[in-house]
Amino acid sequence: MIILPQIQGVVARSCHPFGCQAAISEQISKSLSQQSASDALPKRVLILGASSGFGLASRIALAFGPAKAATIGVSFERGMSEKGIGSAGWYNNIFFHEAAEKAGLISTNILGDAFSAETREQVAKAIEQDLGGQVDLVVYSLATGIRPNPETGEFWRSAIRPVGETVEGYSVNFEKNSLDKVSLPPATEQEIDETVKVMGGEDWLSWIQFLSERNLLSTGCETVAYSYIGPEHTHAIYHKGTLGLAKTHLHNTRDDINVLLENIEGNANIAVCKALVTKASVFIPGLTPYLLALYRVMKEKGLHEGCIEQMNRLFYSKWQNHTERDEENLIRIDDWELRDDVQQEVNALLAEMTPDSFAEIGDYKGVLGEFLQLNGFEFPSVDYTQEVDIEALKTLRP
Ligand code: NAD
Ligand code: NA
C-alpha cells in the first residue's frame, strides 16, 4: 500500500509509519549530541503523554541525552484496524522503543487512559518490574479534550474559548490551505469548569498522590508539567481564556504537590514552553496567525526551536539552574519567543496578515511542513512512492 496524507481541517487521518521512524531518529540525533554540566540527572523517568509533542521530546531527550534514563511512557493511541493505519503516536511508541532497546536503554510503553485507575495500576507494576521500584522524575504532558468523570461515567469536555468577551480571529485549515475567520463566543461557567477539569492540575496531583502512597517516588523526586502563557496578542484566546485558567490551576497545583513531596524532599515544577505546531496546538482556534508570524520571525533570527530543541534546553541547561526561574518560580523556555525584538516583528507581520496574504506574510510552508512531519510525511529520507508492507507493520507492537 502507498500511504498518502489525508487531512481533514487540522486533523490528520493517516500517518506514515516510516516517516514517524525518521522523526524519532532525527530527534534522537539531536539529543545524542547534548552535554550536561551536572551529574544529578534523573535516571528513571515516567512520562504521561509520551507519544507525541513535548512528552515524546522529553522522553527522547532524557533517554538519549546525557541522562541516559530508563523510561516508562504512557499514552493513548490507536494501532492498525479496518479504520486505518493507526495514529502517528502508535508508531512513535514502536520506533522509540526499538531504538531504546538497540541502545541498551530500558523502555516500557503503556497504552491506556492516563485518567483511569487501571492505567495507574499498570504503571505501578511497571515501575516495580522495570525500574527497580521508584522513579526520579514524573513528566506530566497530557493534552486532551476529554476526561472521564469517575463518579458519573460521563466526560468532562474542554472548550477552548475566551472568557467574558467574544473574540474574532482566524484559524488555519490545512486541508484547504486557507485561513478561515472564526468568531469565538465567551465560555459559559460550565465550559470554564470543565476545561479546568480536563487541562488543569487535578489529575497531575492525583497521579503524584497515587505514586507517593505506593512509595514509587525516590528521595528528591522531581515532577514537571508544561504550560503556556504567550504574549499580549494571544491573551484573549489563550492566557485569559479557558485554557489559561486551566493553566493557572495547574500552576497553583504545583504548590500543593510541593507540600505533598516535602517528606521526600521532592520538587514540583512548571516549565513554560514556546508556541509550537503539535497535534494539540493546531486545534486552538485563533492561534494560527500568531504561529505563522512567530515561525517566520524566529527562523529569520536563528531562534526557532521544535519540541526536541526545547526539551534538550530544558533538561540540559535550564533544569539545574534555579537562578533562571522567574518571580513565580516558573522555568521559562518561552524566553526567546517573548523577546521584545521577536514580538515587535511578530506584531508588525500580524498587522499585515489577511486570508489572502497569510502564506507570504507568515511561514505557512514551515508550519504546514511541521504539521505533516508530525504525521510522518515530508521527510526527505523517506521514499513515499514505495509500497508499505501492511502485514509486516501489523506484527509490530509498542
Ligand atoms: P500532543 O497532542 O502532541 O501530546 C499529547 C499526549 O497526551 C500524547 O502522547 C497523547 O497520547 C497523550 N494523551 C492524551 N490523552 C490521553 C489519555 N487520556 N491517556 C493517556 N495519554 C493521553 O500535545 P503537546 O502539544 O505536546 O502538549 C503537551 C503539553 O504541553 C500540554 O500541557 C500543553 O498545554 C503543553 N504546551 C504545548 C504547547 C504547544 O505549543 N504545543 C506550548 C506550551 C505548552
Ligand atoms: Na506530549
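Both counts, for ligands and for their atoms, begin at 1 and track the order of listing.
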List every atom of ligand 1 that sits less than 4.0 Å from any heavy atom of [X], numbering the atoms from 1 in the order shown and giving each element.
{"X": "Asp113", "value": "17 (C), 18 (N), 19 (N)"}
{"X": "Ala50", "value": "9 (O)"}
{"X": "Thr278", "value": "3 (O), 24 (P), 25 (O), 41 (N)"}
{"X": "Glu77", "value": "10 (C), 11 (O)"}
{"X": "Phe115", "value": "18 (N)"}
{"X": "Gly53", "value": "3 (O), 26 (O)"}
{"X": "Ser51", "value": "8 (C), 9 (O), 10 (C), 11 (O)"}
{"X": "Ala280", "value": "2 (O), 23 (O), 25 (O)"}

**Prompt:** Taking only residues two or more places apart in sequence, or in another chain, which ones meet Val182 in a side-chain contact (heavy atoms from CB on, under 4.5 Å)?
**Reply:**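 side-chain contact (heavy atoms from CB on, under 4.5 Å) list for Val182, sorted by chain: Ser171.
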
**Prompt:** When Thr71 is tested against each of His97, Arg44, Arg59 for side chain to side chain donor-acceptor pair (under 3.5 Å), which residue passes?
**Reply:**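 Only one option passes, and that is Arg59.
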
**Request:** Any chance you could pull the hydrophobic cluster mates of Ile192, using side-chain heavy atoms under 4.5 angstrom and chaining through other members?
**Result:**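 Same cluster as Ile192: Val163, Val196, Leu245.
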
Salt-bridged, [X] to [Y], with N to O below 4.0 Å?
{"X": "Glu128", "Y": "Lys125", "result": "no"}
{"X": "Arg313", "Y": "Asp335", "result": "yes"}
{"X": "Arg157", "Y": "Glu191", "result": "no"}
{"X": "Glu168", "Y": "Lys181", "result": "no"}

Which one of [options] has a non-hydrogen atom at the shortest distance from [atom]?
{"atom": "atom 19 (N) of ligand 1", "options": "Gly55, Ala246, Ala271, Ala114", "result": "Ala114"}
{"atom": "atom 42 (C) of ligand 1", "options": "Glu337, Gln310, Lys279, Lys274", "result": "Lys274"}
{"atom": "atom 34 (O) of ligand 1", "options": "Lys247, Arg78, Arg59", "result": "Lys247"}
{"atom": "atom 22 (C) of ligand 1", "options": "Leu243, Leu142, Thr144", "result": "Leu142"}
{"atom": "atom 14 (C) of ligand 1", "options": "Ala143, Ser52, Ser281, Ala275", "result": "Ala143"}

Report yes or no: is the cationic atom of [X] (NZ for Lys, CZ for Arg) closer than 6.0 Å to the six-membered ring centre of [Y], at no more than 45° off its axis?
{"X": "Arg397", "Y": "Trp90", "result": "no"}
{"X": "Arg120", "Y": "Trp207", "result": "yes"}
{"X": "Lys365", "Y": "Phe371", "result": "no"}

**Request:** Determine, using heavy atoms of Ser141 and all atoms of ligand 1, whether some pair is separated by less than 4.0 Å.
**Result:**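 It does, in that a heavy atom of Ser141 comes within the 4.0 Å cut-off of ligand 1.
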
**Request:** Consider ligand 1: state whether an atom of it lies below 4.0 angstrom from any non-hydrogen atom of Gly112.
**Result:**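 Distance cut 4.0 Å: Gly112 passes for ligand 1.
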
**Request:** Have a look at ligand 1 and work out which part of Ser227, if any, has a heavy atom under 4.0 Å from it: side chain, backbone, both or neither.
**Result:**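 The part of Ser227 near ligand 1 is the backbone, not the side chain.
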
**Prompt:** Where on Cys307 is there a heavy atom closer than 4.0 Å to ligand 1, on the side chain, on the backbone, on both, or on neither?
**Reply:**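 No part of Cys307 comes within reach of ligand 1.
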
**Request:** Kindly assign one of parallel, tilted or perpendicular to the pair Tyr226 and Phe54, based on the angle between their ring planes and the thresholds 30° and 60°.
**Result:**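 Tilted.
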
**Message:** Taking distance alone, with N or O pairs closer than 3.5 Å, would you say Met199 contacts ligand 1?
**Reply:**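 So ligand 1 has no N or O lying under 3.5 Å from an N or O of Met199.
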
